[in-house]
Engineer: 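A single structure is presented below for examination.
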There are 2 protein chains.
Amino acid sequence: MKRSQSTPKSEAARKIDIRGVAAKARVSIATVSRTINHVPTVDPVLAARVWSAVAELNYFPNTQARALVSGKSKLLGLIVSEITNPFFPELIQEFEQVAVERGYEILIGSTNYEKKTIEQCARRMLERKVDGVAVMTFGIEEVLFERFAVDNIPVVFIDAAPSRPLSSVLAVDYRTGIYEGVQHLAVLGHRKIGFITGPLRLRSAEARKAAFLDCLRSTGLKADPAWIIEGDHTLDGGRDAMQKILALPQWPTAIMCSNDMTAIGVQHALFEAKLKVPDDFSLVGFDDIHLAEYTIPPLTTVRMSCKDLALRAVNDLLSHLQDSPAKPEAPSKIITRLIVRQTTGLPKDALADLPGKSTRKKSRE
Amino acid sequence: MKRSQSTPKSEAARKIDIRGVAAKARVSIATVSRTINHVPTVDPVLAARVWSAVAELNYFPNTQARALVSGKSKLLGLIVSEITNPFFPELIQEFEQVAVERGYEILIGSTNYEKKTIEQCARRMLERKVDGVAVMTFGIEEVLFERFAVDNIPVVFIDAAPSRPLSSVLAVDYRTGIYEGVQHLAVLGHRKIGFITGPLRLRSAEARKAAFLDCLRSTGLKADPAWIIEGDHTLDGGRDAMQKILALPQWPTAIMCSNDMTAIGVQHALFEAKLKVPDDFSLVGFDDIHLAEYTIPPLTTVRMSCKDLALRAVNDLLSHLQDSPAKPEAPSKIITRLIVRQTTGLPKDALADLPGKSTRKKSRE
DNA sequence: CTGAAAGCGCTAACAA
DNA sequence: TTGTTAGCGCTTTCAG
């Protein structure tokens, strides 16, 4: 089995490492190291020999050894809520692209909202000595991230973060997009708008709900607490929440959702109940995942650019890493905006309401 | 900045490493190593001291150093086609779970079907010294994986693999599921069934198509080449392919798709064309992603268990790693089976066809 | 059963 | 500019 070891053919079949390259190029390992790290002070002639040895041997450096000695793993952690929610793969893809461009690898952790898993993720990141972590799980117990501070590892959170050095926060401007959504609904004539939240212990689920309530108020509508249902940002959660609303004696005429998956779940609940979108209910999602364009009918939703999110996250992390001169504190928020598709329309009682201004009771069940 | 270095407080504020633990526990670093690696021959008294030192210091070993010396990174590579296709996150989730259970971390690579990206992925895996790689991208240029053979890194492929040591293949039994699908359609009365393939350079897209053709034949139906359209396993691809079919003078009455995303794209194309599923077209997907249950109407599809796939992939890899005694060659195929939901029904011309057996022409456009 | 010591492959002083 | 050498934090002989 251990062929190369049991047959020490002197030079011939040695392992492909920096020494092998050095031997073949007839230089020292230091020169090899300098060459492959593009240190400018290497004699071009030697460099050429090194490069051709590298090519012939098909050599590449051992990341572990490199990391061990340099203290930098060139790994960025990315912690997301739930990899099966399509928003996150889209985020991951963008994040990875930016990271790889900048010479970093990413280590993904999916928490599934479970505290134990989150702990495990944090630990894995620490063990692998990531150079930075983006916690994109929209609200998390920060205690678990104290160790990162101890180890001087930058962390970027979303929406809110503990204030400490090397930690920054990506602020999302939920209000603009949600306001546009509420306005849109109001203009169509909706006065009774329900909201299905995400898991409320997630800070940004809370933020989205707060933004919704706020926008309702500034639009002059009032919120019926019965129509604010807690969901969990999953398809099942959306379906269940909508079923709860359908069990209510009074129905809203429009539903906003804390994310698109919830909205798709709602569409399904409505389909099962033989109710039509947007004829019986108007529906607005949040995130604008690619799928939103493909639901039937296509989902009106609030777009949050995950490309932006990813780019900003990586930049924030790296700016802490490369002892940046001035803090390029870019406090601008991540913007959101409404994308109108086909799940929003006039409220069912619009025609009836128009002539007489009477407040009709909704049909029940 | 470098507090701990500039202030060598003897014992007090030293870095948290194996030496720190050893010092605090008053043992040698070798004993610490043995203890945390659960070598059974450690004196319980010393072990206890070590563990409490570990706890107090909140110590955990440096994976890099460990990997460097042991030669095992405890990393498993997982290469997928496209992380934004929901099938893959589901796969990743399962794979990660199994891997973590077994003490491995995973490194994800998403190829996006681009050769350059695949190369990059392969290289990243090599650089990070993964202990094994699962190539779940359903067909890939194996040349890129030769280096893994050189480095004795096991690789598991899907559907087909180069035969070499340390490489195994996960065979999926496409026929059973697809046959059930074709049968189901045939029983409903469909005689004209179209198929939208995946990217045909992917081996398993080819395999699915071949299985379909095969099943058609053994059901006694014949395939119209015009109704076999190449898609690309994406939403957009499905929509485009269906639009091509709709442009044909003759329509099939049912469509099978190489994956669920394609089917969702088809549903969208039909929606745009004001055609109904299953009234105008019956539709069958493949994969049974979670979303399939939530489309409108819910998608009839062929289930392939990604849990199975993940489990088998990890097992195959690990069995190569731990010098397994006998090869536990489990040549059983990954099974597939039909899940009937609501996108399949009687063909549009069923009633008309029943009385007179005449072959009517389909309405065009 | 324990500790001292030799590296794993590489980078970063320091010398030449 | 180049080579020599000392570790990075850990596992693993090998003596004791």
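In what follows, every chain begins at residue 1, and chains take the letters A, B, ... in the order their sequences are listed.
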Engineer: Looking at B:Ile108, is its backbone amide N or carbonyl O close enough to the side chain of B:Arg124 to form a donor-acceptor pair, meaning the two atoms are under 3.5 Å apart?
Structural biologist: yes
Engineer: Would you say the side-chain atoms of B:Thr111 pair up with the backbone N or O of B:Glu114, donor to acceptor, closer than 3.5 Å?
Structural biologist: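 Not confirmed, B:Thr111 side chain does not pair with B:Glu114 backbone.
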Engineer: How would you give the extent of chain B contacts on DNA chain C, as first and last nucleotide 5' to 3' within a 4.0 Å heavy-atom cut-off?
Structural biologist: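 With heavy atoms of chain B under 4.0 Å away, the range is C:dC1 to C:dG9.
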Engineer: For B:Gln64 and D:dC8, what is the distance between atoms CD and C1' respectively, to the nearest whole Å?
Structural biologist: 10 Å
Engineer: Check ring pair (Phe, Tyr, Trp, His ring centres under 6.0 Å) between B:Tyr104 and all other residues, then give those that pass, not counting sequence neighbours.
Structural biologist: none
Engineer: Examine the side chains of B:Ser168 and B:Asp316 and answer whether a donor and an acceptor come within less than 3.5 Å of each other.
Structural biologist: yes
Engineer: With a cut-off of less than 4.0 Å, is there a side-chain N or O of A:Thr31 near OP1 or OP2 of D:dG3?
Structural biologist: yes
Engineer: ring-ring contact (aromatic ring centres under 6.0 Å, His included): which pairs involve residues 25-55 of chain B, sequence neighbours left out?
Structural biologist: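 Checked against ring-ring contact (aromatic ring centres under 6.0 Å, His included) - neighbours excluded - the pairs reaching residues 25-55 of chain B are B:His38-B:Trp51.
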Engineer: Between the axis at one end of the helix from C:dC1-D:dG16 to C:dA16-D:dT1 and the axis at the other (five pairs apiece), what's the angle to 10 degrees?
Structural biologist: 40°
Engineer: Under a plain distance cut-off of 3.5 Å, with no hydrogens placed, do B:Glu127 and A:Asn62 share a side-chain donor-acceptor pair?
Structural biologist: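 Absent: no donor and acceptor within the cut-off.
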Engineer: Short question: side chain of B:Thr35, backbone of B:Thr31 - any donor-acceptor pair under 3.5 Å?
Structural biologist: yes
Engineer: Provide, to the nearest angstrom, the distance between the NZ atom belonging to B:Lys74 and the P atom belonging to D:dG9.
Structural biologist: 22 Å
Engineer: Backbone N or O of A:Ala171 within a donor-acceptor pair of the A:Asp159 side chain at under 3.5 Å?
Structural biologist: no
Engineer: B:Arg26: what forms a salt bridge (Lys or Arg N to Asp or Glu O under 4.0 Å) with it, not counting sequence neighbours?
Structural biologist: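 In terms of salt bridge (Lys or Arg N to Asp or Glu O under 4.0 Å), with neighbours along the sequence ignored, B:Arg26 is linked to no residue.
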Engineer: Output a table of nitrogen or oxygen pairs between the protein and nucleotides 11-13 of chain D separated by less than 3.5 Å.
Structural biologist:
unit_1	atom_1	unit_2	atom_2	d
D:dT11	OP1	B:Asn37	ND2	3.2
D:dT11	OP1	B:Arg66	NE	2.6
D:dT11	OP1	B:Arg66	NH2	3.2
D:dT11	OP2	B:Ser33	OG	2.8

Engineer: For B:Leu317 and B:Ala134, work out which heavy atoms get closest and say how close.
Structural biologist: CD2-N, 4.0 Å
